[in-house]
Amino acid sequence: MKFTFSDEEEAFRAEVKEFLKDYQDLNGFFDQGHDWPSVREFFKAMAAKGYLSVCWPEEYGGLNKSASYEYIVWDEVAYARCARPPLGPGIVAKTIIRYGDDEQKKRWLKPLRDGEMHFSLAYSEPEAGSDLASVRCRAELKGDKYIVNGQKCWQSYAQDMDYFWLLCRTGTQESRGRGCSLMIVPKDAPGITVAPLPLMDDDQLNEVFFDNVEIPVNQRIGPENGAWKLMNAALADERHIQFPPSRLRRDLEDVISWTRDQGLLDDPVVRNTLGDLASQVLEGEVLGLSVLDAMMRGEHGVMEAAANKVAQTISCQNIARAVTEFGGPESLVKGTLSELIWRQSMWETIGGGTSEIMRGVIARNSLGLVAKT
Amino acid sequence: MKFTFSDEEEAFRAEVKEFLKDYQDLNGFFDQGHDWPSVREFFKAMAAKGYLSVCWPEEYGGLNKSASYEYIVWDEVAYARCARPPLGPGIVAKTIIRYGDDEQKKRWLKPLRDGEMHFSLAYSEPEAGSDLASVRCRAELKGDKYIVNGQKCWQSYAQDMDYFWLLCRTGTQESRGRGCSLMIVPKDAPGITVAPLPLMDDDQLNEVFFDNVEIPVNQRIGPENGAWKLMNAALADERHIQFPPSRLRRDLEDVISWTRDQGLLDDPVVRNTLGDLASQVLEGEVLGLSVLDAMMRGEHGVMEAAANKVAQTISCQNIARAVTEFGGPESLVKGTLSELIWRQSMWETIGGGTSEIMRGVIARNSLGLVAKT
Amino acid sequence: MSLDLTFSDEQAGILDAIRKFTKERCPGETVRELAGKFPTELWAELAELGVLPIATEDGGGGALEVVAAMEALGAAVFPGPLAETFLATQILEGDELQEVGAGESIVSLSAAPRGDALSLVPWPEQAKVSLQIDGTNIYRCKTVGSPEMVTSLGGDPYGRVKLERTGEVKNAARGLALFDIAVSAYMAAAGDDLVEVTAEHARTRKQFGRTLGEFQAVAHPLAESSIALSASRTLARAAACAFDEGRDDANGLAAGARLSARKSALFTVYASHQIFGAMGITLEGPVYHVSRRIRQLSSAGASVAVAHEEALALFGINAVSA
Amino acid sequence: MSLDLTFSDEQAGILDAIRKFTKERCPGETVRELAGKFPTELWAELAELGVLPIATEDGGGGALEVVAAMEALGAAVFPGPLAETFLATQILEGDELQEVGAGESIVSLSAAPRGDALSLVPWPEQAKVSLQIDGTNIYRCKTVGSPEMVTSLGGDPYGRVKLERTGEVKNAARGLALFDIAVSAYMAAAGDDLVEVTAEHARTRKQFGRTLGEFQAVAHPLAESSIALSASRTLARAAACAFDEGRDDANGLAAGARLSARKSALFTVYASHQIFGAMGITLEGPVYHVSRRIRQLSSAGASVAVAHEEALALFGINAVSA
């Protein structure tokens with residue numbers, strides 16, 4: 001048993017840390033929406049180091065490393081608060097590598113690897129949030145093109161991205177998850193409108209409207225009506241980097257530092273709270289490693305990832321809420337980390353699978369409970 | 001608006017308190033099962049003061065007082081830890097007064113009022129706990145007798161009581177709540193076996209087996225298959241005394257006193273916990289008054305009672321759990337109140353309607369949510 | 001007269017009148033738009049209704065009338081230094097009291113800073129009456145120099161500025177008790193408002209072929225909110241009764257009410273955000289303008305430690321000997 | 001070698017062997033019957049398996065082997081001063097160590113009492129080695145006079161007695177870290193056992209025409225338990241690795257593991273009692289013999305405040321200057 005990384009991995013981490021030194025002022029983890037040009041440059045620099053394609057096979061220009069290297073990259077990037085893992089070189093590229101045809105691989109993989117091409121996830125709809133199998137946005141095949149009509153909602157970063165990774169209905173509504181396909185849709189295609197939904201954390205989500213948007217059939221990835229399998233595989237590819245635990249560690253370190261500045265660090269009640277939060281961060285770190293470990297052993301890590309998601313996102317809220325509790329009005333001033341994470345972390349237990357959905361996953365798969373409702 | 005009682009009511013409270021001075025060592029609230037002879041004597045003494053029939057109409061020998069007097073009695077008795085409200089002069093008598101025929105009233109009310117006759121509630125079964133409409137214990141009418149067969153479970157105090165207040169099936173199983181009747185069953189009737197289920201709080205529940213037990217038809221109260229209406233009415237009669245808030249107050253006072261003795265009272269973390277518990281006790285007190293207020297205004301108080309039950313029983317557990325948390329091993333020594341209430345209060349969120357059932361009541365009736373599952 | 005937990009006709013009248021006023025003049029959009037500004041017009045209109053000085057000798061009421069008003073104002077998430085103003089009406093006299101009651105003089109209440117640090121003061125540009133809480137004491141203050149403006153989560157403008165104490169206030173305990181009562185009633189009502197809109201969402205929004213409200217993971221937290229808020233609301237009313245009757249336990253009940261309301265309102269905030277999902281985190285959505293205000297108000301007034309001491313005093317504990 | 005969160009074959013062998021042993025020799029009935037007594041026979045049999053001195057130089061293992069053993073022992077709610085014995089193996093030498101490892105000498109660990117108060121000491125009649133924790137120090141003690149026996153919630157016999165310190169122990173930190181690791185692994189496993197029996201109940205018991213597990217109000221708390229316990233279990237293992245590798249963060253991780261395990265195990269206790277309903281509060285039922293033991297163990301060892309300090313040290317905070 002070993003909870004630490006190999007010397008080679010640690011050497012790689014040191015290299016990543018060295019690289020990140022130049023980006024200490026980049027706040028893309030919390031604020032990509034306001035600083036996309038800088039984050040884009042950062043991704044390009046990462047690409048130059050091969051960091052966007054750490055786990056890709058060599059034949060597609062990747063470093064062909066194990067998942068642990070990818071974990072290290074995004075955990076350090078999270079600690080440095082520079083960015084969150086981008087969709088394109090992650091889910092999109094890995095799906096193309098696994099299910100795309102040769103032409104698709106040739107066309108898309110290089111710009112993705114180079115950080116030149118960025119994607120927004122277009123899964124959710126106003127009436128299909130947790131329940132994605134009920135999506136209604138429709139793609140109808142006419143000749144060699146799909147005609148897409150419908151609406152997507154709650155799209156992160158859509159305002160800045162170049163493409164959508166679109167989940168749409170190609171079968172009947174009743175066929176649920178068995179009637180959906182995945183497509184690559186350029187944002188500048190005629191018929192697309194993006195409308196911002198400003199958020200309480202000063203970022204934004206977006207609504208996206210598709211009005212007779214034409215998509216060449218060769219921009220469908222994988223078989224028609226085959227989206228579900230691709231989506232599950234893509235989830236599996238990203239479980240270990242969905243919630244990097246060093247985000248928690250950095251939150252707590254920053255909160256402790258703020259608490260010290262406020263002269264509150266020796267208050268026994270505050271101390272009691274911080275001690276509890278410290279154990280939560282340690283829990284988050286081993287849960288994160290558990291996901292990685294499962295993947296390194298070739299398992300799916302579904303349970304580990306669900307546990308990791310629930311526990312870490314709640315701990316992340318606990319940190320934010322604790323400091324606004326003991327920190328009084330000072331902790332609520334805009335510009336303090338505590339105030340920002342109070343607002344920002346509200347999203348963490350919702351996006352990427354709500355805590356309720358995740359608890360259901362554990363109840364069903366790990367405890368054998370039906371828990372359908 | 002007024003959260004206090006009238007001068008007359010306060011005078012009555014003073015009288016009750018005076019009466020209770022003689023019973024300061026009686027621990028029937030937590031330990032009736034081990035001290036039933038003393039508790040029985042206590043009830044007789046209460047009866048002599050009219051306290052067992054405070055709200056009964058004068059024609060049946062009651063004091064004909066409003067619900068507030070009954071509230072005061074049982075709240076003070078709870079504070080003194082002497083006993084919990086007995087079933088006989090409560091639910092049983094009130095149901096007989098409302099639904100019994102003249103002969104039944106003549107036969108049962110006097111011994112109930114005098115504290116001479118005591119009942120155990122026989123509702124739950126192994127397969128019908130929260131879901132009472134699925135009881136299976138069956139009473140079949142043969143001539144002028146019912147023949148009762150079946151099993152009851154989780155009966156409080158059955159080892160010491162004289163009678164059962166039996167919910168049994170007289171209709172089809174499928175008729176659910178519309179096929180049940182209520183009967184008075186003497187414990188010494190042939191065919192009854194009572195088996196103890198020892199509890200973690202040193203008390204016991206009981207299983208009761210009915211094997212061809214003969215019950216004269218005139219011991220059925222109310223119409224055949226009419227139990228549901230009677231049970232609901234009986235619930236309504238007792239809502240204001242189901243969980244007297246002074247039990248909480250006394251718990252916290254005793255915990256504070258223990259904490260002082262342990263030299264922990266000035267510990268800021270302990271103090272922080274106690275302050276939070278203090279506000280919970282105050283909440284419990286106003287929630288208790290809310291139930292009474294609703295009843296005094298002639299309303300059912302269903303919502304108020306559900307809120308009161310959930311909040312007070314959870315606070316009661318919070319008090320017990322907090323002291324075992326900050327009190328260390330000393331708080332776990334048998335004989336300390338903290339240790340006893342840790343074990344005892346586990347039952348409070350279960351008996352008399354679980355917290356889950358009560359939250360469902362609120363969700364449905366107060367918030368309009370279906371929450372069927 | 002015995003127990004009676006209903007408002008008098010007059011108190012119910014106040015509640016209704018303000019509800020009517022806020023429904024017309026202070027819908028959610030207005031609250032969102034006013035973030036960062038002093039609600040000048042609304043404040044004047046509220047003053048015209050005669051609410052602000054209601055708990056003074058000439059105001060014709062007491063804490064219960066304040067509670068009735070705050071329940072209506074909280075349900076609308078009405079902006080401005082409401083509880084602070086009610087506090088001020090208990091400690092000011094003469095023209096100053098007159099002006100505060102008429103909405104012409106704005107009250108700012110801040111906590112004593114650590115050591116030499118600047119104070120963090122709400123409404124520094126509007127306030128004519130600047131008060132500072134230190135433990136259970138209140139001091140009159142004047143500001144020295146001009147404030148460095150910041151924004152706070154609740155949306156109200158704050159400034160960092162040096163405050164100089166000009167005198168201690170006499171009846172601080174009474175003022176703080178009314179503050180606690182007022183802010184509790186407000187927070188409980190704002191929480192109730194959140195429960196209501198969230199329940200409405202849960203009754204209508206469908207996922208997996210059923211309404212959200214059919215899932216216990218949605219229905220039960222809302223039920224818990226509803227229970228907790230009803231305790232807080234009732235406790236605030238109980239404290240108001242005690243206050244108006246001049247009872248000894250008024251301060252303890254008021255502190256208990258504030259502890260209760262901040263806890264139940266924050267619980268509700270988190271439950272509502274979770275249940276509304278993405279919709280709940282939008283700036284224009286139905287949750288955030290309420291949740292930010294609740295979070296801000298829950299840190300106002302005397303410290304939680306002080307409130308604990310006051311509540312514990314009702315259980316025979318004297319203040320800690322530290 | 002990189003990350004690998006699985007037990008080695010040898011460690012898995014220890015876990016399996018003890019599981020087999022406890023399944024045969026220590027079912028629930030036995031645990032219930034042994035309440036109030038020292039488990040003389042079981043203790044001797046466990047000693048025979050060579051488990052107790054496993055983390056000593058001659059024992060052939062380290063903290064990870066202790067964890068493997070404790071996961072099996074915790075799942076069976078095995079009685080006796082297990083974690084205390086592992087602690088003792090880190091601070092004793094020579095014959096004393098030999099005897100403890102052989103199960104012939106029983107270890108008692110108690111907290112320093114307030115002032116002149118008597119100590120509350122487990123196993124006062126059996127213990128040959130009496131240790132006292134004071135902050136992060138451990139003292140060897142002898143008992144003066146005979147103990148006044150009391151029973152504690154967990155069922156173990158305790159006595160109130162005067163302890164006289166006979167010397168301070170050198171490697172207390174190492175002993176306490178192994179104690180924390182051992183007790184965490186035990187509590188997490190005992191909690192897992194509760195989750196398992198409760199889930200089994202929820203899968204089979206029906207109310208309102210469906211199994212309990214179909215109600216989210218039942219399924220979700222159990223899922224939360226399962227998540228929390230898996231964090232605690234893994235953290236105990238992580239601390240054991242750090243301990244065995246002699247890393248600086250071993251103490252902090254061990255303390256964090258204990259904080260984690262006590263919280264998740266207690267959460268599970270409360271969830272299980274609630275879900276089992278009346279069945280859960282019976283003396284012979286499937287919950288109480290586990291829940292009492294978890295509650296007792298969660299108060300053992302150094303204080304929570306001490307554990308907080310050790311965990312916080314991993315975040316660059318030094319102990320409070322008080």
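Just so it is clear: chains get the letters A, B, ... in the order the sequence lines come, proteins before strands, and each one is counted from 1. Reckoned from all heavy atoms, side chains included, excluding hydrogens, waters and symmetry mates.
- Contact count against chain C (heavy-atom pairs under 4.5 Å) is highest for B:Leu367 among B:Leu367, B:Val361, B:Ile256.
- Contacts of C:Arg237 with chain B are made by both backbone and side-chain atoms, with heavy-atom separations under 4.5 Å.
- Considering NE2 of C:His308 and OG1 of B:Thr273, their distance stands at 8.0 Å, rounded to 0.5 Å.
- Chain C is approached within less than 4.5 Å, heavy atom to heavy atom, by B:Ala307, B:Val310, B:Ala311 from residues 298-312 of chain B, ordered by number.
- Neither the backbone nor the side chain of C:Val218 has a heavy atom closer than 4.5 Å to any heavy atom of chain B.
- In B:Asp261, the CG atom is crowded: over 12 heavy atoms of neighbouring residues, nucleotides or ligands sit closer than 6.0 Å.
- Atoms CZ and CG, on C:Phe315 and B:Leu282 in that order, are 4.5 Å from each other to the nearest 0.5 Å.
- Residues meeting the salt bridge (Lys or Arg N to Asp or Glu O under 4.0 Å) test with C:Lys263, sequence neighbours left out: B:Asp276.
- Note that OG of B:Ser355 is 8.5 Å distant from CD1 of C:Ile227, once rounded to the nearest 0.5 Å.
- Of the listed residues (C:Ser8, C:Ala223, C:Ala202), the one with the most heavy-atom contacts under 4.5 Å to chain B is C:Ala223.
- Comparing C:Ser232, C:Ala231, C:Gly252, C:Ser2 by how many heavy-atom pairs each has under 4.5 Å with chain B, the most go to C:Ser2.
- If you tally non-hydrogen atom pairs under 4.5 Å between each of C:Ser264, C:Gly256, C:Cys241 and chain B, the highest count goes to C:Cys241.
- Only the side chain of C:Ser226 has a heavy atom closer than 4.5 Å to any heavy atom of chain B.
- We find the OG-CZ distance between B:Ser279 and C:Arg262 to be 10.0 Å, quoted to the nearest 0.5 Å.
- Heavy atoms closer than 4.5 Å to chain C are found in both the backbone and the side chain of B:Glu356.
- Here C:Glu245 does not pair with B:Lys2 in a salt bridge; the nearest charged N to carboxylate O distance is not below 4.0 Å.
- For B:Leu287, the part lying under 4.5 angstrom from a heavy atom of chain C is the side chain only.
- Looking at B:Ser366, only its side chain comes within 4.5 Å of chain C, counting heavy atoms on both sides.
- Here the CD1-CZ distance, from C:Ile317 to B:Arg271, works out to 5.0 Å after rounding to the nearest 0.5 Å.
- Legend: salt bridge (Lys or Arg N to Asp or Glu O under 4.0 Å) pairs involving residues 215-234 of chain C, not counting sequence neighbours, sorted by first then second residue: B:Arg359-C:Glu224, C:Asp192-C:Arg233.
- Of the atoms belonging to B:Leu252, it is side-chain heavy atoms, and not backbone ones, that fall under 4.5 Å from chain C.
- Heavy atoms of C:Leu314 lying under 4.5 Å from chain B belong to its backbone as well as its side chain.
- Note on C:Ala238, C:Ala228, C:Ala199: by heavy-atom pairs under 4.5 Å with chain B, the leading option is C:Ala238.
- Both the backbone and the side chain of C:Leu5 come within less than 4.5 Å of a heavy atom of chain B.
- At most 12 heavy atoms of other shown residues, nucleotides or ligands fall within 6.0 angstrom of atom CD in C:Glu10.
- Interatomic distance, C:Thr234 OG1 to B:Glu283 CD, rounded to the nearest 0.5 Å: 9.5 Å.
- The stretch residues 193-203 of chain C participates, sequence neighbours left out, in these salt bridge (Lys or Arg N to Asp or Glu O under 4.0 Å) pairs: C:Glu200-C:Arg203.
- Chain B forms the most heavy-atom pairs under 4.5 Å with one residue out of C:Leu259, C:Leu235, C:Leu3, and that residue is C:Leu3.
- Contacts of C:Ala305 with chain B are absent, with no heavy-atom separation under 4.5 Å from either backbone or side chain.
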